[in-house]
Amino acid sequence: MEAFQLLSRGGVKFDKTRFKDDVRLFNKEKGNSAKRKEAVKYDSGELPAELDFFKYAKGGPAVKRKAGENAEAHDGKRRRVDEDEEDEDDEEDELGREGSDAESSSAQPTQRHRVTAKGSNVPGPADSFEALKERYHLSSRLLTNLASNGFKHPTGIQSHGVPILLEGRDLAAISPTGTGKTLAYTLPVLQALGAPAASAKSTAGAGVRAVILAPTRELAHQIHNEFLRMAEGRKWRIVLFSKATAATLADKNARDKVDVIISTPLRLVASLQNGTLDLSNVRHLVLDEADRMLDTEFLEQVQEVVAACTHPSIQKAVFSATLPAGAEKLAMEMLRDPIRIVVGLKDTPLPLIAQSLTYVADESSKLPTLLTYLSQPYNPPVLIFVSSQPRATSLAEELIINGVPNVDCLHAGMTKKEREDAVTRMRRGESWVMVSTEVMARGMDFKGVREVINYDFPTSVQSYIHRIGRTGRAGREGKAVTYFTNEDAPFLKSIANVILQSGSTVPEWIMKLPKPSKMKRKAMGKVQRGDFVDKARKIGRNDAIKKRDMIAGSKRRKEKAARNGESSEQLENRGGDR
DNA sequence: AAAAAAC
């Protein structure tokens with residue numbers, strides 16, 4: 001526990017302004033002197049030099065890249081793919097930076113990914129932000145804010161999605177992680193607001209006019225930041241809904257001056273049930289991470305929010321990088337005459353994320369494998385996913401005990417402040433190794449993340465796609481490693497298929513594994529350690545795979561053998577399970 | 001299929 005407290009040290013207040021500039025620093029944009037100045041200001045002032053974690057990297061014991069080299073390489077690559085957007089939540093950051101990165105890129109983002117649109121009277125895409133101004137009178141203020149935040153060219157989801165939303169249509173948008181989805185709804189919502197509710201000129205009626213729902217606090221916070229950046233210079237009241245802000249809105253007068261609310265569902269539902277919130281004037285409702293929001297655990301809450309949005313001309317939109325059939329059906333049912341657009345291949349990670357699978361025989365082999373990995377040169381920060389809160393805590397402790405520097409931990413069991421601090425350290429590049437649960441899997445946009453390690457196997461293809469999507473954002477390269485044990489074998493093939501589909505390679509023997517359903521049944525049926533994979537190393541993979549079918553019965557054999565006094569070694573040589 | 005997250 002002591003070690004864990006270490007994790008929560010460094011009580012840096014989460015500060016949006018500062019955060020924004022952190023992001024800029026990462027981009028080390030050239031040719032934007034205004035931004036550069038700001039960056040410099042922070043560099044020499046509030047922001048510690050360590051913000052540039054490459055410096056750390058240089059001095060750190062286990063880090064391979066040198067300061068300049070890393071950044072250079074990174075920059076060069078970024079140029080190749082600038083246009084995709086990020087996932088659901090991305091900050092504009094990537095996108096915007098994207099713009100600056102794209103300076104040398106002649107390719108149009110929108111041509112990079114195939115975009116498919118379905119629906120009636122689909123508006124054509126806009127090739128540039130200026131085109132949005134011409135076609136839809138996108139406000140000069142928004143254009144200015146786009147430019148000052150470094151957004152030069154719309155990504156695929158932006159050029160297709162923004163016109164649809166500006167025309168007031170309902171939208172289901174599927175676009176890979178890190179391709180700028182957040183901005184794709186931020187712009188139209190702000191454009192539609194017009195005069196702030198608080199201003200005398202407002203004709204919008206009383207009460208909040210736009211609601212954005214996201215599955216985690218961290219993501220809601222990030223979206224809020226994005227809204228604030230695009231709203232700069234306007235008096236819109238954009239509220240990140242929390243217990244504290246909800247309290248201040250208990251007063252109806254204050255409430256009626258709010259333009260946009262960004263919230264997690266339950267928080268909103270609580271206020272609705274209190275009677276301290278009225279959504280009858282909401283004209284725009286966005287579900288970010290839509291498939292997650294339509295999960296059974298969230299569905300009821302979301303439906304309650306939807307039901308509370310009673311304005312007849314409400315526009316609804318859902319965004320995600322993944323949208324399984326079940327979720328899509330639910331989404332389509334709540335939309336009116338929707339347009340559905342898919343950027344790239346649905347449910348496929350970005351090809352610029354280099355993915356690999358690493359076999360670790362069992363749980364006990366994971367930590368040594370990770371420690372070995374972290375003792376060699378790597379690219380910080382590394383984001384490590386585990387399956388539960390206790391495992392996140394204990395893995396972080398283990399890493400600290402083993403001398404890994406700058407380890408952080410983030411899960412929903414931590415206090416609000418601890419969570420905020422962890423995010424801040426991450427944003428500043430102070431974390432080299434961040435151990436987290438599924439809470440970080442979706443939407444979070446940390447530009448610097450080079451590597452994702454799935455220490456615990458993801459529990460779904462969607463989880464896999466979102467987790468590894470924390471890297472490779474806004475056209476950058478990324479690397480994702482997934483550990484698998486014998487117990488994960490039943491789910492291995494589905495992940496392997498995803499990897500193949502997105503252009504990375506997997507060992508041939510994995511693809512020869514039988515159908516997941518069949519394997520799963522075997523795994524559930526008492527095969528303790530279906531360690532056929534382990535055997536594969538000794539006796540050749542194909543043989544091992546054949547033997548796998550014998551594993552189910554092996555326990556019985558084992559018991560019998562034990563009775564006969566046969567050693568497990570002998571058993572193993574016969575190909576039976578231990 | 002299974003856990004995490006939401007207050």
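Proteins come first, then strands; the chains are lettered A, B, ... in the order of their sequence lines, and each starts at number 1. As a basis for the values below, the full set of heavy atoms in this structure was taken, side chains included, without hydrogen atoms, waters or symmetry mates.
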How many whole angstroms separate atom [atom1] of [X] from atom [atom2] of [N]?
X: A:L410; N: B:dA5; atom1: CG; atom2: C1'; value: 12 Å
X: A:H221; N: B:dA6; atom1: NE2; atom2: P; value: 14 Å
X: A:D288; N: B:dA6; atom1: CG; atom2: C1'; value: 15 Å
X: A:E438; N: B:dA3; atom1: CD; atom2: P; value: 12 Å
X: A:L299; N: B:dA5; atom1: CG; atom2: P; value: 20 Å
X: A:M293; N: B:dA6; atom1: CE; atom2: C1'; value: 9 Å
X: A:Q301; N: B:dA4; atom1: CD; atom2: P; value: 17 Å
X: A:L266; N: B:dA4; atom1: CG; atom2: P; value: 18 Å

Among B:dA3, B:dA5, B:dC7, which nucleotide sits nearest the side chain of A:F298? B:dA5
Need one value for [X]: base, sugar-phosphate or nothing, where a base atom within 4.0 Å counts as base even if backbone is also close, heavy atoms only.
X: A:S460; result: base
X: A:R292; result: base
X: A:P265; result: nothing

SB check A:R255 A:D251 (cutoff 4.0 Å): no
Would you say [X] places a side-chain N or O within less than 4.0 Å of OP1 or OP2 belonging to [N]?
X: A:R391; N: B:dA4; answer: no
X: A:T437; N: B:dA5; answer: yes
X: A:S387; N: B:dA2; answer: no

For the side chain of A:D362 and the backbone of A:S365, is there at least one donor-acceptor N/O pair under 3.5 Å apart? yes
Give a yes or no answer on whether the side chain of A:H224 reaches the backbone of A:I238 with a donor-acceptor pair at less than 3.5 Å. yes
Please name the residue in the list A:D288, A:T216, A:D291 that meets the side-chain hydrogen bond (donor to acceptor under 3.5 Å, both in side chains) test with A:R442. A:D291
Can you tell me if A:Q222 and A:R427 form a side-chain donor-acceptor pair at under 3.5 Å? yes
